[in-house]
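Each residue takes its place number in the sequence, starting with 1.
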Amino acid sequence: MNAVDHAALADRFRAVKDTIPAHVTLVAVSKTRSVEEIRALYELGQRDFGENYPQELREKAPQLPPDVRWHFIGHLQRSNVKHVLPYAHLIHGVDSERLLEELNKRAMGLSGPVDVLLQVHIAQEETKHGFSTTEVTDLLHTTDPALRWPQLRIRGLMGMATNTDHQGVVAGEFTALGALYHALEKEQRFAAGVPPVLSMGMSGDAALAIACGSTMVRVGTAIFGQR
Ligand SMILES: *Cc1c(COP(=O)(O)O)cnc(C)c1O
């Protein structure tokens, strides 16, 4: 493994940090990155890290201080829920009722509630997971999540824009997700007593996402360099 260039990493991190307003949480996406790189950012004050793969999360989390907040941002399979739950501070990509059921069931053995975001499919690509806008609206209107999944707290929404250079397409998708989030938040459809979360924006589109109402951005390459 190559030695970590700590100075370059710190420079990139600070440059990103400077663009993020105080009300927005920066999740440093550390998938495929070494424990050493994560520790370097930790020492610069970063606490929120995002991982995509259950196996990687299980390997890295025990090697880092317990006050790291691990965000599971990948596609979560039901068979992996039990491996991810012990570490996850927030699970971003919940995309089905069956997954909600499994999370609620497995969360029963834990000491506190499990925080999750519902992933909304906003991109034009077929490959991105998530509920449709209608499905999310229906889900949160027809059931009281606090009664149906008492071990979970649905904190808000997560979305990924189409991977394109067309800013107009991305802006349209972020605006739509921002509006959906805003409407549901106004109706108090998210977990009571804790701040709501809209997770949208990555290295290439974080500024645009924040302009469209994001409260949490997931930034990998702009901090760590190309994977
Ligand atoms: C990898 C990943 C990111 C970070 O992407 P960058 O372009 O490296 O910033 C954000 N969100 C999700 C869901 C990811 O899988």
Side-chain angles (χ1 to χ4, degrees), residues 20 22-31 33 38 41-42 45-58 60-62 64-78 80-97 99-120 128-131 136 139-140 145-146 149-160 177-178 180-181 184-185 189-202 206 209-210 213-220 223:
I20 313 281
H23 73 277
V24 175
T25 303
L26 170 62
V27 176
V29 176
S30 50
K31 63 179 173 215
R33 299 297 169 172
I38 299 172
L41 276 197
Y42 178 91
Q46 180 64 19
R47 291 294 178 271
D48 292 275
F49 291 92
E51 290 285 341
N52 286 56
Y53 310 106
Q55 186 57 34
E56 241 189 289
L57 177 61
R58 286 169 74 191
K60 289 173 178 175
L64 282 140
D67 62 338
V68 166
R69 293 182 289 267
W70 294 103
H71 296 248
F72 191 81
I73 64 170
H75 179 61
L76 184 57
Q77 272 157 2
R78 283 183 301 144
N80 277 322
V81 164
K82 56 180 178 296
H83 301 304
V84 164
L85 276 188
Y87 304 109
H89 165 77
L90 180 63
I91 298 174
H92 290 229
V94 177
D95 62 354
S96 72
E97 293 192 37
L99 183 54
L100 285 163
E101 296 296 342
E102 178 69 12
L103 283 160
N104 186 64
K105 192 174 102 191
R106 297 279 175 186
M108 283 180 198
L110 303 177
S111 54
V114 170
D115 284 354
V116 303
L117 303 178
L118 301 180
Q119 183 167 357
V120 184
K128 301 231 159 84
H129 299 275
F131 293 100
V136 166
L139 185 71
L140 295 178
W149 303 294
Q151 314 298 322
L152 308 181
R153 292 194 300 197
I154 298 180
R155 297 286 301 272
L157 306 178
M158 178 265 205
M160 286 170 88
L177 183 56
L180 175 65
Y181 168 79
L184 292 168
E185 204 231 307
R189 301 285 169 182
F190 301 129
V194 278
V197 176
L198 175 57
S199 168
M200 69 178 188
M202 325 200 314
I210 292 167
S214 170
T215 70
M216 189 174 274
V217 291
R218 311 174 308 269
V219 178
I223 296 174

Could you check whether any side-chain heavy atom of [X] comes within less than 4.5 Å of a side-chain heavy atom of [Y], counting everything from C-beta outward?
| X | Y | result |
| --- | --- | --- |
| L64 | W70 | yes |
| V29 | I223 | no |
| D115 | V194 | no |
| V27 | L90 | no |
| Q119 | H92 | no |
| L118 | L100 | yes |
| D48 | L26 | no |

Name the one of [options] that satisfies side chain to side chain contact (heavy atoms under 4.5 Å, CB included) with [X]?
| X | options | result |
| --- | --- | --- |
| L76 | V94, L99, D95 | L99 |
| W149 | I154, V116, L103 | I154 |
| T25 | M216, R69, R218 | M216 |
| P196 | R155, R189, E185 | E185 |

Inset, instruction - Would you please indicate yes or no on a ring centroid separation below 6.0 angstrom for F190 and Y181? - result: yes
Legend entry - Any donor-acceptor pair under 3.5 Å from K60 side chain to I38 backbone: no
Inset, instruction - May I ask you to decide if M200's main-chain N or O and S214's side chain share a donor-acceptor pair within less than 3.5 Å? - result: yes
So how far is it from [X] [atom1] to [Y] [atom2], rounded to the nearest 0.5 Å?
| X | Y | atom1 | atom2 | value |
| --- | --- | --- | --- | --- |
| N52 | K31 | CG | NZ | 4.0 Å |
| Q77 | H83 | CD | NE2 | 11.0 Å |
| E56 | R58 | CD | CZ | 13.0 Å |
| M160 | M202 | CE | CE | 4.5 Å |
| F72 | L85 | CZ | CG | 10.5 Å |
| L152 | E101 | CG | CD | 9.0 Å |

Non-hydrogen atoms of [X] and [Y] that approach each other most closely:
| X | Y | result |
| --- | --- | --- |
| A209 | G201 | CB-CA, 3.5 Å |
| A28 | Q46 | N-NE2, 3.6 Å |
| I210 | I20 | CD1-CD1, 4.2 Å |
| P145 | L140 | CG-CD2, 3.7 Å |
| A107 | Q151 | CB-CB, 3.6 Å |
| L198 | G213 | CD2-O, 3.6 Å |

Inset, instruction - Return yes when atom NZ of K82 has more than 12 non-hydrogen atoms of other residues, nucleotides or ligands closer than 6.0 Å, and no otherwise. - result: yes
Legend entry - R47 to Y42 six-membered ring, cation-pi geometry met (6.0 Å, 45°): yes
